[in-house]
Amino acid sequence: MPLSRRLILGFAAGAASLPAAAQTVAQPSAAATQDVLALREKIRAAVAAKDRAALEALYADNFMHMRDSGRADLKAERIGLLLAGEQTIETAPEEEVAVQVYGPATAVATGASAIKDPATGKAARFRWVAVYVRGDAGWQVALSQASRAPVRR
């Protein structure tokens, strides 16, 4: 048997032996994607309404946001920033949003947002990622991170 055919057959046999969960991990789930996008809208609505209780329910207890500076905001700090009106990745206009679903309880959203720098008054573009988990309380934000994107030319 030619080498290339053996490689193909070997690969096919190996892939068939993988657990079903590993084969389907990146397949999209329309319902979970819609749930995550709806959660992002719930956060915006809670911020607009200054609803601390709603925000407390939408963020996991061990939530952490990693800033571009390397500073980490924990749940209480992040909610405080949101309620103070600071523009964040949760509230800024977003573009290029994509949601990847990894099983029934984990999803990752990525996107870009222009966020106004309070010091300069100018908007800077950030790329961000947020991890969502589903537990007994439904979907919650577990982790997020934002990095300043290179200036487009």
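Any value given below was found using the heavy atoms of this structure, including those in side chains, with hydrogens, waters and symmetry copies removed.
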Q | Taking every non-hydrogen atom, the tightest pair across Leu82 and Val47 | A | O-CG1, 3.6 Å

Q | Ala142 to Ala60 - nearest heavy-atom pair and separation | A | CA-CB, 4.1 Å

Taking the side chain as every heavy atom from C-beta outward, state whether [X] and [Y] have any pair of such atoms under 4.5 Å apart.
X: Thr106; Y: Val101; answer: no
X: Val131; Y: Gln145; answer: no
X: Arg134; Y: Gln140; answer: no
X: Trp128; Y: Ser144; answer: no

Q: Evaluate side chain to side chain contact (heavy atoms under 4.5 Å, CB included) for Leu83 paired with Arg52, printing each intermediate quantity in order.
A: CA-CA 7 Å; Leu83 294 174; Arg52 180 178 294 276; 3.4 Å; yes

Q.
For a side chain to side chain contact (heavy atoms under 4.5 Å, CB included) check, start with the C-alpha distance between Val36 and Trp139, then their side-chain angles and the critical distance, and finish with the verdict.
A. CA-CA 7 Å; Val36 166; Trp139 286 98; 4.3 Å; yes

Roughly how far, to the nearest 0.5 Å, is the [atom2] atom of [Y] from the [atom1] atom of [X]?
X: Asp68; Y: Phe126; atom1: CG; atom2: CZ; result: 5.0 Å
X: Arg148; Y: Ser69; atom1: CZ; atom2: OG; result: 10.0 Å
X: Arg40; Y: Ile43; atom1: CZ; atom2: CD1; result: 7.0 Å

Mind checking whether [X] and [Y] sit in one hydrophobic cluster, side chains of I, L, V, M, F, W, Y counted as touching below 4.5 Å?
X: Leu58; Y: Leu81; value: no
X: Val108; Y: Leu143; value: yes
X: Leu74; Y: Val133; value: no

Q: Please identify each residue that fulfils side chain to side chain contact (heavy atoms under 4.5 Å, CB included) with Gln87, with sequence neighbours left out.
A: Thr91, Ala92, Pro93, Ile115, Lys116

Q. What residue pairs, at least two apart or across chains, pass ring-ring contact (aromatic ring centres under 6.0 Å, His included) with a residue in residues 33-72?
A. Tyr59-Phe63

**Q.** Pairs flagged by salt bridge (Lys or Arg N to Asp or Glu O under 4.0 Å) wherever residues 75-84 is involved - sequence neighbours left out
**A.** Glu56-Lys75, Asp61-Lys75, Asp73-Arg78, Arg78-Glu90

Q | Ion pair Arg125/Glu94, N-O distance below 4.0 Å | A | no

